[in-house]
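As structure tokens, the structure follows; a few thoughts come after it.
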Amino acid sequence: MSLVETHALRKYFPAGTGFVSRLFADKKVHAVDGVDLTIDRGQTMGLVGESGCGKSTLGNLLLRIHDPTEGTIRFNGTDITALSGSELRPYRSEMQMMFQNPQNSLNPKHTVGKILRKAIEFHDVAHGDKATELARQYLTEVGLRPEHVDRYPHEFSGGQQQRIAIARALSVDPEFIVLDEPVSALDVSVQAKILSLIEDLKNEYDLTLLFITHDLNVVRHVCDEVSVMYLGEIVENASTEDLFNDPYHPYTRALFDSITLPEPGELSSGGIQGETPSPIDPPSGCRFRTRCPDAVAECETVNPELVERERDTSAETRDTACHLYDPLDR
Amino acid sequence: MMSVLQVDGLHTYFDTENGIVRAVEGVDFSIEPGEIVGLVGESGSGKSVTASSIMNLVERPGRIAEGTVRYDGQDVFDLSKSELQDLRGGEISMVFQDPMNAFNPTQTVGRQLHDVLRTHRNGAVHPVKRILGLDHDEDCKEAVVEMLDAVGIPNPEARYSDYPHEFSGGMIQRAMVGMALLCDPKLVLADEPTTGLDVSIERQILELFNDLVEELNTAVLWITHDLSVVAKLCDRVVVMYAGKVMEVGPTDVVLSDPANPYTEALLDSIPRYDRPDEEIRVIEGDVPDPLNRPDGCRFADRCPKVHERCHDAHPPQYELGDREVACYLAEEGTK
């Protein structure tokens, strides 16, 4: 059963830098443009794409950090798109977020104990001494020591700070956590530890995760299902294994060609040419057509929908948005 | 043939309130003309301090405690301020991780490249001439436009008068590479130049470097934490850990058959999409506190192949084929 579900979700930001130009701007940044995404309970969904594709905005929309321009978000069956602040509050503790840079997400003036206690008390999980006790407990859970409650964030290394961020997210007993590039700022040896911690806690607490990243090597190891995003739209969605075994969409294929491995050798040819077009004025038709090696005339006029499609050469089908494959008759 | 760069016994220390931080503790390596050498390590390994030491850019409370850096046979630490000034940006240039911070946001990109070239060709310009705009040099401008074209910036003539914020992330990094190569340097120090870029853009920058270096026969020291980049770009690799060089050798040998357990552990901790069933191996423990490093091998406390003698003293560099390895296992030839 699905825990989080979006339908035709859109977020446009006014383009322009000043207050006035923003107010009167008729140009919009199409950050998220019609996304249908379903995350099943207990699943780790990977959301991948290059910078500027809208993956972080989508994560923020799911938690109602941004308000969507259009579309609906359902959490656990309830439509939370239009809920007000106080109505939303019970859901807030069910949905937590973890960011790329712990230096910016942990208040430097508060002790670790206070950082955790504030979250615990705000969501009425516990108060007073009980809250402190919980804080100690969750620090142990993430591999730190209970006496660390009296220390400040700057006394910890990047990896340890990320553990604190995990402890805070866990401390309000959430069902769903959005992890926005949680290991991108860490060294590889630390990254491996945090990934295995996330994996362990996910199983222990029966969490559902949205893992936002640009690193496909990490995705292969932690995600059950992957959605590939390009310029505000999801272009392909499949189980991790299927996607890596046989990517359908030309963009997914090109992304895979760009993955580097620590294996000596020449730079193989391939990869994506050029740069992502501006999200203010995205290309007509399929958004990837300007960089696509397989683009045909139809791609310029009709934007392919993300639906189940089949290919001539195999019996399998795939949710992808590309004219190269024929949609299944429904 | 003389090495472009020869670093011998380099020690760089920082005097802090809590004691001396030995950021770099005895680093030796060399770079030959036209060679790309990767300097790899995690944060705190001392790789960036090594780079600043090479340019003699270490500032208080840091100091070069010991060692020499020879550029073209000449000791960099013996040079006067003005001699250093000529060296930096001219013979040795740098490419930084964040080009948006390296460029002046209030001047056009073309103008900034023009000024670099002009200064190194004709010396500094009198400030009055500068204010009056009389320092323009048509030859320099032509050379800059040519360079912008060479690094793959479309329509370089028009882009010359664009400001840094008008460039995209990939394009501004290309311009940065162009600026570094403008004075035909013998050595380029590249400090994490592709970190933070998308994979597709990273790949384009790597290709660009590969082609240009081959064409200009420039030597490059490529500082990075990313072994995948080293694998595709570098001829040789220097692996650093906690201020020490752990392993130096040809990239293909070091990465396919690491002799130092640290190199091996580092490679094993990288998740790989082509090996989904292999668990990502974690290196147990933490990087030692720089104020209080162990007396023995810096990696001993975390090493899966540790022996008793490892705790006595940090191993010297043993020669093993065409590489040097700081591990007692390499001495016995058993690894």
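Here is the naming used below: chain letters follow the sequence lines, and residue numbers restart at 1 for every chain.
- Between the Asp187(A) side chain and the Ser43(B) main chain, a donor and an acceptor come within less than 3.5 Å of each other.
- Of the atoms belonging to Leu206(B), heavy atoms from both backbone and side chain fall under 4.5 Å from chain A.
- Looking at heavy atoms from C-beta onward, Ile259(A) lies out of side-chain contact with Val199(B) at the 4.5 angstrom threshold.
- Looking at Leu195(A), only its side chain comes within 4.5 Å of chain B, counting heavy atoms on both sides.
- Looking at Glu202(B), only its side chain comes within 4.5 Å of chain A, counting heavy atoms on both sides.
- Going from atom NE2 of His221(A) over to atom CD of Glu278(B) covers 8.0 Å, rounded to the nearest 0.5 Å.
- Within residues 211-220 of chain A, the residues that have a heavy atom under 4.5 Å from a heavy atom of chain B are Leu216(A), Asn217(A), Val218(A), Arg220(A), listed by number.
- The line from OG of Ser258(A) to CD1 of Ile201(B) is 9.5 Å long, rounded to the nearest 0.5 Å.
- Heavy-atom minimum distance, Ile272(A) versus Gln204(B): O-NE2, 3.0 Å.
- Of the residues considered (Thr260(A), Leu261(A), Val188(A)), Leu261(A) shows the highest number of contacts with chain B, using heavy-atom pairs under 4.5 Å.
- The nearest pair of heavy atoms linking Glu266(A) to Lys232(B) is O-CD, 3.6 Å.
- When heavy atoms are compared at a cutoff of 4.5 Å, Arg275(B) approaches chain A by way of both its backbone and its side chain.
- No side-chain heavy atom of Glu241(A) sits less than 4.5 Å from a side-chain heavy atom of Pro276(B).
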